[in-house]
Amino acid sequence: MYIRVIAMCLGVPGRIVELKEGFRALVDFGGIRREVDVSLLPGVKVGDYVIIHAGAAISKVSEEDALITLKLWKEIAEVMGYGKRGSSNISSR
Amino acid sequence: MGEVLDRFRDRALILKLAKLIKGLAKGLDKIRIMHVCGTHEHTITHYGLRHLMPPNVKLIAGPGCPVCIVPAREVDEAVKLALSGVTVYTYGDMYKVPGSKMSLAQARAKGGKVKVVYGFDDVLRKRVKEDSVFFAVGFETTAPTVASPLYEGRVPEVIKLLTSYRLTVPVLRYVLSLKASPIRGVICPGHVSAITGASAWEYVVKDFKIPAVIAGFEPLDVMIAVTEILKQLREGKARLVNEYSRVVSYEGNLRAKQYLKEVFEVVDGKWRGIGLVPLSKLKLKDEFSTWDARLYFEDKLRDIGEGDDIKPGCKCAEVILGIMEPKDCPMFMRACTPSKPLGPCMVSSEGTCHIWAKYGYLG
Ligand code: SF4
């Protein structure tokens with residue numbers, strides 16, 4: 001875990017546990033806590049999941065979208081045909 | 001939420017998708033799919049996803065490691081400053097990357113002042129009082145973490161910036177434009193896209209007519225990206241798909257993009273192992289020249305030469321361009337190992353050679 005924490009890109013989202021002065025917030029990564037810059041994400045709240053990159057929160061993670069994505073994959077894998085239903089829902093806009 | 005995300009590693013589902021991929025690849029000729037992100041390479045190698053691919057589908061790592069592609073000359077600049085008594089702050093990934101003569105780690109062993117930080121915010125929190133330098137490397141994802149405090153006036157004048165930012169959006173265009181590019185599909189970097197937005201990759205589909213999928217970093221994300229690319233190839237249609245919509249929007253992080261625009265201009269830039277890539281580098285705008293380490297320390301940096309980017313025998317250039325796999329390099333795990341790296345791709349935890357060395361490369 002330590003190695004991944006000092007690396008620049010972290011794939012794992014963290015949860016905001018406290019908002020602090022000066023565009024900072026305390027973020028929890030499954031037990032490990034650290035202070036990060038949240039100036040790129042105006043309006044983040046305690047409880048939000050965020051992606052941290054090089055010490056700054058760069059994007060919010062949407063649980064709803066995560067669940068939809070998972071459900072889709074299940075269908076895709078189950079149907080095996082990778083039918084029409086699957087792909088349209090994960091397209092860009 | 002943690003629980004939801006754990007399910008992105010569902011083994012049974014991964015294996016089902018592997019079967020599906022095999023079916024889709026049947027009858028297609030050799031398919032090379034490129035990604036441009038060290039974290040994708042980590043996922044692919046760590047979870048052994050290459051072993052799940054049929055023989056005609058190859059996953060190739062493009063120029064996705066932001067410290068491997070910093071020209072030796074720019075490392076030399078940081079080394080020179082550290083050795084001349086200026087404190088140089090840098091990322092752990094950058095610390096061991098060799099310049100033409102040495103890395104920052106070696107400079108420190110020689111008495112140079114080098115400090116490893118997790119992000120620029122760590123430097124700001126230190127309340128630095130004397131002239132110091134932040135070696136600012138990274139891609140579209142990292143640059144806003146410096147642009148934001150700089151624009152908002154939160155960076156004291158004593159902290160100078162030695163910027164080496166490069167952009168993945170133009171470099172992928174460059175790689176795809178190379179004559180005889182064997183790439184038939186692209187997995188776009190998830191976190192770069194969080195900033196740039198999915199829209200940044202539309203050109204892959206429009207100009208090169210190949211499938212592009214923005215993917216996250218769990219094994220299922222990558223498997224689904226491959227599935228989608230193969231499906232498009234079968235149908236003979238190329239589309240842009242955002243598989244990582246839980247993090248990436250179509251337009252990206254507008255605030256971050258605005259900061260980048262205010263603070264940097266986009267200029268041509270040299271990439272280690274690749275050469276000059278048009279409009280692929282960020283340079284501080286004149287309004288922020290007070291923080292430009294290259295101007296402030298001009299005297300100290302004057303006699304730095306071009307630097308030698310690739311050591312004789314090292315195939316980093318080929319590895320970065322996706323033409324060669326690390327195991328095809330004669331030095332791999334012989335003269336070049338993670339503890340004694342010869343080339344930049346073996347140094348960083350995001351470098352392809354390093355990842356292959358660490359997580360297995362047999363087969
Ligand atoms: S194994 Fe070492 S020498 Fe070979 S390409 Fe990779 S970094 Fe260069």
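Residue numbers begin at 1 in each chain, while the letters A, B, ... track the order of the sequences.
- Only the side chain of A/R24 comes within contact range of chain B, judged by heavy atoms closer than 4.5 Å.
- In this structure, the portion of B/D122 lying under 4.5 Å from any heavy atom of chain A is its side chain and not its backbone.
- The side-chain contact (heavy atoms from CB on, under 4.5 Å) search around B/Q258 returns B/E262, not counting sequence neighbours.
- When heavy atoms are compared at a cutoff of 4.5 Å, B/L220 approaches chain A by way of both its backbone and its side chain.
- For the pair B/T141 and A/I58, the minimum side-chain heavy-atom distance is below 4.5 Å.
- Distance alone, capped at 3.5 Å, is enough to place a donor-acceptor pair between the A/S59 side chain and the B/V247 backbone.
- When the shell of 6.0 Å around NZ of B/K96 is examined, it contains 12 or fewer heavy atoms from other residues, nucleotides or ligands.
- Of the two parts of B/Y259, only the side chain, counted from C-beta on, holds a non-hydrogen atom closer than 4.5 Å to a non-hydrogen atom of chain A.
- B/Y118 and A/G55 make their closest contact through CE2-CA, 3.5 Å (heavy atoms, listed as atom of the first residue, atom of the second, distance).
- To the nearest 0.5 angstrom, B/H191 atom NE2 is 10.0 Å from A/I52 atom CD1.
- Between B/R255 and A/L41 there is no side-chain heavy-atom pair separated by less than 4.5 Å.
- A/D37 approaches B/P149 most closely through the heavy-atom pair OD2-CD, 4.5 Å.
- Looking at B/D10, the atoms closer than 4.5 Å to chain A (heavy atoms on both sides) all sit in the side chain, from C-beta outward.
- Interatomic distance, CD of A/E64 versus OG of B/S245, reported as 10.0 Å (0.5 Å rounding).
- Around atom CZ of B/F264, more than 12 heavy atoms belonging to other residues, nucleotides or ligands sit under 6.0 Å away.
- Between chain A and the options B/L124, B/L254, B/D221, B/I195, heavy-atom pairs under 4.5 Å are most frequent for B/D221.
- Using a 4.5 Å heavy-atom threshold, the side chains of A/I51 and B/F217 count as separate.
- For the pair B/T39/A/H53, no side-chain contact is recorded, criterion being any heavy-atom separation below 4.5 Å from C-beta on.
- Side-chain N or O atoms of B/D121 include none that pairs as donor or acceptor with a backbone N or O of A/A56 at under 3.5 Å.
- Residues A/S39 and B/E152 form no side-chain contact, since every pair of their non-hydrogen atoms from C-beta on lies 4.5 Å or further apart.
- Among the candidates B/P144, B/A12, B/G216, B/A147, the residue making the largest number of heavy-atom pairs closer than 4.5 Å to chain A is B/P144.
- Per-residue counts of heavy-atom pairs under 4.5 Å with chain A were compared for B/A256, B/G119, B/G197, B/G252; the largest is that of B/G119.
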